[in-house]
Amino acid sequence: MSTQDSIPALTADDHLILVDGSTFIFRAYHALPPLTRKPDGLPVGAVSGFCNMLWKLLQEGLTPEEGDEPTHFAVIFDHSSKTFRNTIYPEYKANRPDPPEDLVPQFGLIREATRAFSVPCVEQEGFEADDLIATYARQAAEQGAKVTIVSGDKDLMQLIGPKVGMIDTMKNKVFGEPEVFEKFGVGPDKVIEVQSLAGDSVDNVPGVPGIGLKTAALLINEFGDLESLLAQAETIKQNKRRENLIEFADQARVSRELVTLKQDVPVEVPVASLTVTDVDGAKAVGFLKAMGFSTLTKRVAEETGAEVDAVEPADFQVPGWDVPDHKGRMAERTEAASGAAAAAGEGAGTEGMMVPQTVAEARAETIRAIAVDSSAYETVTSVERLQEWCDAAIEKGYVAFDTETTSLDAMQADLVGLSLSTEPGQACYVPLAHVDGEGDLLGGGGLLPDQIPLKDAMEVLKPMLEDRSVLKIAQNLKYDWLVMTRYGIDIAPYDDTMLLSYTVDAGKGGNGMDELSERWLGHKPIPFKEVCGSGKSMITFDKVAIDRATAYAAEDADVTLRLWQILKPRLASDHMATVYETLERPMVPVLARMEKRGISVDRQMLSRLSGDFAQGMAGLESEIYELAGETFNIGSPKQLGEILFGKMGIPGGKKTKTGAWSTSAQVLEDLAAEGHELPSKIVAWRQLSKLKSTYSDALPGYINPETGRVHTSYALAATTTGRLSSSEPNLQNIPVRTEAGRKIRQAFIAEKGHKLVSADYSQIELRVLAHMADIPQLKKAFEDGLDIHAMTASEMFGTPIEGMDPMVRRQAKAINFGIIYGISAFGLANQLGISRGEAGDYIKTYFERFPGIKDYMETIKKQVHADGFVTTIFGRKAHYPEVNTKNPNHRAFYERAAINAPIQGSAADILRRAMVRMEERLSDAKLDAQMLLQVHDELIFEVPDAQVDATLPVIRDVMENACDPALKLTVPLQVDARAAGNWDEAH
DNA sequence: ACGGCCACTTA
DNA sequence: GTAAGTGGCCGTC
């Protein structure tokens, strides 16, 4: 090429940076918080991340050291989705979903951004960005220059070599040979071989079935490369592996072609022309101003000498973005600047004048810029230093804290240490009960030196942790609250980062600290299992060496503080402060106390039941073996399927997702109805087996040896809808349906001299629906105290409520439930055992009788597609980020979930309101009733015998009026409450 | 030892 | 058709 001759070649002094633009966009979009431009709501989160990274790289190179600045620089993009790889293998990247709607306009914007910073922007028809990067990297390296690829894409790792490095700026991670080895189990030169075997589900590279990265690395390390392996495949010992390697040899060869990057693309832009030129300040500032990135605008202006005020924001079209659609919402948001800066502590400088979104983003940007360095933390070993940390917390007015203990079960956990952080990057760990982890032989386990005596530490900490003017910030505070309360400390006031995240982002992903840290800080905290191990070899935290414990524990406090600074301002920007303050935060001590109280179970009774169940199972077992003509494992659906549909030749078996015979209760009951004897015995056996293993056998193991009671753990941030969940043990699914099951429930008993009171809302979800969808007939029926299912049947079929056929009522009941679940003809047909057509007719009739319900459903669907979330009557949000998927089945699923969420979630909100008020109302009435359990529409209390009559009305009153005064529900709520010696009779 | 699948339990 | 959690089996690590 003639141009190449006129430009000097690269030299050993040159440094070429190649930014993988396409993957950066996706990564930035998902990793960074969503951010929209102020005036029109144009999504610019990924653009912001990109500009910050680009500017940093241009300024500093890869390290802040001198001499590492790039001499050559380019951002490489994919041109279109079809490349030469699709000719080799049409399925390549075929299962890639379409990019999210709000990401599309950012593709063009990032190209604009690149040009605004005067950086070459390269893409080429028929080739992926990866191929261009491979080609440029090879050319530059051959000319002796240093090359750095900026990407997190593992597919580029094959390029790494002496001259070619790779860095993931989003995760602040440098990839060299050791990192490649860690990821693929081989060096960069063998990455292709491993990938061709392991395949890649994301890119739809097939590989060889049954071979993952681990096995692939093993094989390549043994045989050298793919072809040698395939040539010697016969010698592989493992049957399945050998067969697959032989059968799928050609598939592996195709895979190898797919993953091999093309290093000889006839590039249209020569590598030597990718030189760095000075940033044109006015041009860059114009772009940044147009985007509304105030922090970066200022920084770039300072560095380039451009006058911010003198530059007009750049004007350009953004394809795929409709401005008018978003104006209304944005205008509303702008008004809500209220106290967002104060919300997160130090509201410094200009923040007070910014809108909440901008505060939140500016905060995130600043915090991300401070590196998390787990070697920089302090181990506090003296009372004096601890006092200084507490003073610092009091001075600041807030402190992040975290406890380290001997157990994940807060009810059995002993305090081992505690960490504090008052500003990002600064944190300490206070070891209190670490013991010698090594010398078991010499009776190790002695308390290690240089630890503050527990009692002295608590004396220093207590005033600060209980100080009303110091906000304590924790991740999943309920745990720490339970631990600290046993040491006589009542933490207040507090914030919980897990609940903050749940409040603003429910449905977008988990709310655990590690996940939040990666999502918001781009930082992966030290995993617990790297400190304590896992499984059988797991050690308790008191055996962890103190320096290691400091790195882990102080990092948790550091990360928690950062998350708080990022998430707290979002309460204002997202209008979620009331939800957090009335439905989330106050639940922490309420649930903690319920967990602490626990509930009594009758151990003897459960043990007897286990015996009874075992006997019943044994009887059924022999009958089953007799009928089957052989013994087999009844608990194995696979073996059972072979007996029923293979050996016995019964036809009509359904398939499960994995293609195996379905042996679900539904299938077995259908077979029983056809006159087969075996299936119903299997169903009966399975029920007994479940009752025995999950309940009568397992529950006694949860009895706490100190309290003699069972303490469940409630998760506040586990569901998308706002419901709680219960685990270890799950006390929200204790049997009630069958006689045998109710025996389990009878084992939940009141303390001597007490009764259990169960108070449950009647039809709360249908009432909520009647209110939200504003259905006159339903509301009237609830006001008149009618049988709602009978009334539904009467409306639909015109039959009088008096003397109604129970089967007709049953059908109406199924439809009512179906409505709550986002009805489909398929589901209703399944439930009622009728045809899809009949079910469709029922639904049609229902919608004709209750047109408001149909309107409600359509409105919800529109909302979720437009906003990505739906809301409950109290403003809780449930997000469905994938609802706009093209897959019709998935789409319909998310739509049903979105229809259900406001109904289920509003009911959950009402329960939460009742729970938050309950304790005070009881104590005001001088009642000693204790709230023990919550089961979605039911609360269980333990009440002194003498107070039962006085307590019931109070409980009912609180529950029935739980919406007051925030909201006037247009249907009455009805609560039924009863007292008895055990849960079954109270229910 | 761990994870996916299937089955069962609840509201 | 919605929302959850647990236990046994069974294949992979």
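Chain A is the first sequence line, chain B the second, and so forth, proteins listed ahead of strands; every chain is numbered from 1.
- Atom CG of A:L688 is separated from atom P of C:dG8 by 15 Å (rounded to the nearest Å).
- Between B:dA7 and A:T663, a contact under 4.0 Å exists linking OP1 or OP2 to a side-chain N or O.
- With hydrogens and angles left out, the side chain of A:Q904 and the base of C:dT2 share a donor-acceptor pair within 3.5 Å.
- Residue A:R896 places no side-chain N or O under 4.0 Å from the OP1 or OP2 atom of C:dG1.
- A sub-4.0 Å separation between OP1 or OP2 of C:dG5 and a side-chain N or O of A:S726 is absent.
- Listed for the A:R745 side chain is no donor-acceptor partner under 3.5 Å among the backbone atoms of A:W983.
- The A:Q687 side chain lies nearest to B:dC8 when the options are B:dC8, C:dG1, B:dA7.
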Steps toward ring-ring contact (aromatic ring centres under 6.0 Å, His included) verdict (A:F850, A:Y846): CA-CA 6 Å; A:F850 304 97; A:Y846 184 94; 4.7 Å; yes

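- The side chain of A:T658 approaches B:dC5 more closely than any other nucleotide in the set B:dA7, B:dA11, B:dC5.
- OP1 or OP2 of C:dA4 has not a single side-chain nitrogen or oxygen of A:T719 nearer than 4.0 Å.
- Here the side chain of A:L828 is nearest to one of C:dG1, C:dG7, B:dC8, namely C:dG1.
- Residue A:F817 is out of contact with every strand shown, counting any heavy-atom pair closer than 4.0 Å.
- Rounded to whole Å, the distance from CG on A:N900 to P on B:dA11 is 16 Å.
- Rounded to an integer number of Å, the gap from A:Y695 OH to B:dT10 P is 7 Å.
- A:M587 has its side chain within reach of A:L716: a pair of non-hydrogen atoms, C-beta onward, lies under 4.5 Å apart.
- Within 6.0 Å of the CD atom in A:E848, the count of heavy atoms belonging to other residues, nucleotides or ligands exceeds 12.
- Contact check for A:L769 versus A:I853: side-chain heavy atoms found under the 4.5 Å cut-off.
- Among the protein residues, A:E938 comes within range of no part of the nucleic acid, since none of its heavy atoms lies under 4.0 Å from any strand.
- Contact between the side-chain N/O atoms of A:S725 and the OP1/OP2 oxygens of C:dG5 is found at a separation under 4.0 Å.
- Among the heavy atoms of the strands, none lies under 4.0 Å from A:G822.
- Rounded to an integer number of Å, the gap from A:Y821 OH to C:dA4 P is 13 Å.
- When heavy atoms are screened at a 4.0 angstrom cut-off, A:A660 is found touching no nucleic acid atom at all.
- Counting non-hydrogen atoms under 4.0 angstrom, A:A715 reaches nothing in the nucleic acid.
- Put simply, A:T721 has no side-chain N or O that comes within less than 4.0 Å of OP1 or OP2 on C:dA4.
- Note on A:S636: only backbone sugar-phosphate atoms sit closer than 4.0 angstrom, heavy atoms only; bases stay farther off.
- Judged by the 6.0 Å distance and 45° axis criteria, A:K692 is not positioned over the aromatic ring of A:F613.
- If you check every strand for non-hydrogen atoms under 4.0 Å, A:A898 touches nothing.
- Of all nucleotides listed (C:dG5, B:dA7, C:dG1), B:dA7 comes nearest to the side chain of A:S662.
- Candidate nucleotides B:dA11, C:dG11, B:dC6 were compared by shortest atom distance to the side chain of A:K638, and C:dG11 ranks first.
- At whole-Å resolution of the value, CZ in A:R686 and P in C:dT6 are 21 Å apart.
- Using a 4.0 Å heavy-atom distance criterion, A:I899 is classed as making no nucleic acid contact.
- With C:dC10, B:dT10, B:dA7 as the choices, the nucleotide that has an atom nearest any side-chain atom of A:S664 turns out to be B:dA7.
- For the pair A:E595 and A:K478, the salt-bridge criterion is met [side-chain N within less than 4.0 Å of a carboxylate O].
- Between the C1' atom of B:dT10 and the CZ atom of A:R745 lies a distance of 8 Å, rounded to the nearest Å.
- The CG atom of A:L832 sits 11 Å away from the C1' atom of C:dG1 (whole-angstrom rounding).
- With respect to A:N816, the side chain to side chain contact (heavy atoms under 4.5 Å, CB included) criterion is satisfied by exactly one of A:H789, A:Q763, A:E765: A:H789.
- Of the candidate nucleotides B:dC6, C:dG1, C:dG5, C:dG5 has the atom nearest to the side chain of A:K690.
- Between the CD1 atom of A:I819 and the P atom of B:dA11 there is a distance of 21 Å, given to the nearest Å.
- Looking at heavy-atom distances under 4.0 Å, A:I823 makes contact with a base.
- Phosphate contact (OP1/OP2 of B:dT10, side-chain N/O of A:R737, threshold under 4.0 Å): present.
- Residue contacts for A:E765: at a heavy-atom cut-off of 4.0 Å it reaches no nucleic acid atom on any strand shown.
- Using a 4.0 Å heavy-atom cutoff across all strands shown, A:N633 reaches sugar-phosphate atoms only and no base atom.
- A:T656 comes within contact range of the sugar-phosphate backbone alone, with a heavy-atom separation under 4.0 Å but no base atom that close.
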